[in-house]
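One-based numbering, in listed order, for ligands and for the atoms of each. Note that these values count all heavy atoms, side chains included, but never hydrogens, waters or copies made by symmetry.
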Amino acid sequence: MTDKLTKESILAALSKVQEPELRKDLVTLNMVRNLEISGGNVSFTVMLTTPACPLRGQIEKEAKQAVLALGAKSVQVKLDSDVPNDGRMRGLVNMPIRNAIAVGSGKGGVGKSTVAVNIAVALAQTGARVGLLDADIYGPNIPTMLGVEKLPPPNGNKLVPAQAYGLKMISMGLLVKPGQPLIWRGPMLNSAIRQFLGDVEWGELDYLIVDLPPGTGDAALSLAQALPLSGAVIVTLPQLVSLEDASRGLQMFRTLEVPILGVIENMSYLDLPDGTRMDIFGSGGGEQLAQATETLFLGKIPIDQNVRIGGDSGRPVIVSNPDSPVAKALAEIAQKVAAQISIAAMSGKNELPINIVE
Ligand code: ADP
């Protein structure tokens with residue numbers, strides 16, 4: 001049987017294995033690397049487009065089975081990842097940042113910062129290189145949520161981000177004295193933002209998560225314009241009033257030609273100890289917004305007091321209560337966001353050369 005084991009036959013077999021999110025096969029996507037055949041033993045690496053790939057187990061299993069079916073004695077599949085670059089020049093932010101994802105909302109208090117922090121930590125936990133830019137200059141509360149009190153000393157004239165839970169973070173809140181009000185208007189706002197974006201030593205990042213100010217005011221607009229964004233996610237509550245605001249926020253990104261990666265509904269429901277579920281803020285709004293605006297619905301996040309407790313104590317719920325339904329919902333949403341980024345970056349790039357080491 002082993003005479004069937006040639007690199008051509010193996011690649012032909014692997015070209016029948018689909019990457020379920022990208023809907024193309026592993027060979028077309030140039031994901032098969034370092035293919036080695038020794039006697040009846042085969043090994044290769046599958047290079048995924050994100051370490052946060054939710055279906056990595058399935059891909060590994062199908063790839064292995066496809067080669068075993070050719071008669072291989074053993075098949076070793078190694079999973080690795082290389083996050084694609086969105087191809088945008090980030091002029092101001094002169095750093096190798098592959099993707100920048102804005103988290104926006106129509107109004108404050110819907111959990112935008114909470115979602116930004118937990119998505120960022122979830123992606124960092126998968127092994128991705130993640131930065132978190134707290135650009136919510138009116139309420140920069142991410143330092144509190146991550147338990148960070150100050151930045152490391154600057155490197156020359158560059159700001160060095162703080163490190164927490166495997167990610168790098170910078171916040172306008174760490175650049176002003178505690179208690180000092182942040183009042184930014186017009187040109188001052190613009191130059192502060194440009195400086196803030198340009199002076200940070202991020203290093204190489206797979207994902208920069210940007211927590212934008214709520215709404216569609218000057219600050220949100222300046223930021224979204226100053227930083228080329230790969231895409232934006234919109235956080236909303238399930239009720240109708242919030243939806244109108246969220247829809248305005250979504251339109252702002254569309255006007256700026258920032259792709260909408262999807263809608264997240266936060267504080268969707270509360271599960272009570274007796275097993276009943278309460279829709280405190282109404283229901284179905286996020287799905288409705290996604291449908292009305294033809295965007296993807298990324299998921300619902302339940303209400304859980306551990307979210308607030310985690311935020312107040314500097315331990316995001318995804319770290320403090322990783323097995324809770326709310327943490328699982330957040331982790332799943334982070335994976336979906338990463339998948340959307342991969343899909344956007346890979347669309348059109350399907351004729352890459354195959355790299356084989358024998
Ligand atoms: P925003 O950034 O939109 O102003 P925050 O992320 O600061 O909102 O959240 C507002 C408050 O709501 C915080 O106290 C936060 O801990 C709490 N919160 C957010 N999401 C949830 C949730 N799913 N369950 C419980 N509390 C939440």
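Of all the heavy atoms of Asn141, the ones lying under 4.0 Å from any atom of ligand 1 belong exclusively to the side chain. With a 4.0 Å heavy-atom cut-off, ligand 1 is reached by the side chain of Asn266 but not by its N, CA, C or O. Of all the heavy atoms of Val110, the ones lying under 4.0 Å from any atom of ligand 1 are found in both the backbone and the side chain. When heavy-atom distances to ligand 1 are checked against a 4.0 Å cut-off, Pro214 has no atom that comes that close, whether in backbone or side chain.
For the pair Lys24 and Glu19, the salt-bridge criterion is not met [side-chain N within less than 4.0 Å of a carboxylate O]. Under 4.0 Å is where a charged nitrogen must lie from a carboxylate oxygen, and between Lys112 and Asp211 at least one such pair does. Checked for salt-bridge contact, Arg98 and Asp82 meet the test: a charged N lies under 4.0 Å from a carboxylate O.
Those atoms of ligand 1 with a heavy atom of Lys112 less than 4.0 angstrom away are 1 (P), 2 (O), 3 (O), 6 (O), 8 (O). Atoms of ligand 1 found under 4.0 Å from any heavy atom of Met145 (numbered from 1 in listed order, with element): 6 (O), 7 (O).
Counting only heavy atoms, the protein gets under 4.0 Å from atom 15 (C) of ligand 1.
At the shortest separation from atom 21 (C) of ligand 1 among protein heavy atoms lies Val307 CG1, 3.4 Å. Looking from atom 8 (O) of ligand 1 to the surrounding protein, the closest heavy atom is Gly111 N, 3.0 Å.
Remark: the Asn41 side chain and the Ser74 side chain contain an N/O donor-acceptor pair separated by less than 3.5 Å. Between the side chains of Glu62 and Gln58, a donor-acceptor pair is found at a separation under 3.5 Å. For Ser268 and Glu265, the side-chain atoms include at least one donor-acceptor pair closer than 3.5 Å.
The nearest non-hydrogen atom to atom 23 (N) of ligand 1, considering only Gly310, Ser105, Pro302, Pro316, comes from Pro302. The option with the heavy atom closest to atom 12 (O) of ligand 1, from among Arg308, Lys300, Gln305, Met267, is Met267.
Note: an N/O pair closer than 3.5 Å links Ser113 and ligand 1 by distance alone. Checked by distance only, ligand 1 and Asp304 come closer than 3.5 Å through their nitrogen or oxygen atoms. For the pair Gly109 and ligand 1, the shortest N or O to N or O distance falls below 3.5 Å. Considering backbone and side-chain atoms alike, Thr114 places an N or O below 3.5 Å from some N or O of ligand 1. Checked by distance only, ligand 1 and Gly108 stay at 3.5 Å or farther apart across all their nitrogen or oxygen atoms.
Counting heavy-atom neighbours within 6.0 Å of Glu8 CD, excluding the residue itself, gives a total above 12.
Considering only heavy atoms from C-beta on, Leu167 comes within 4.5 Å of Leu146 through its side chain. Between Val67 and Leu14 there is a side-chain heavy-atom pair separated by less than 4.5 Å. For the pair Ile59/Leu26, a side-chain contact is recorded, criterion being any heavy-atom separation below 4.5 Å from C-beta on.
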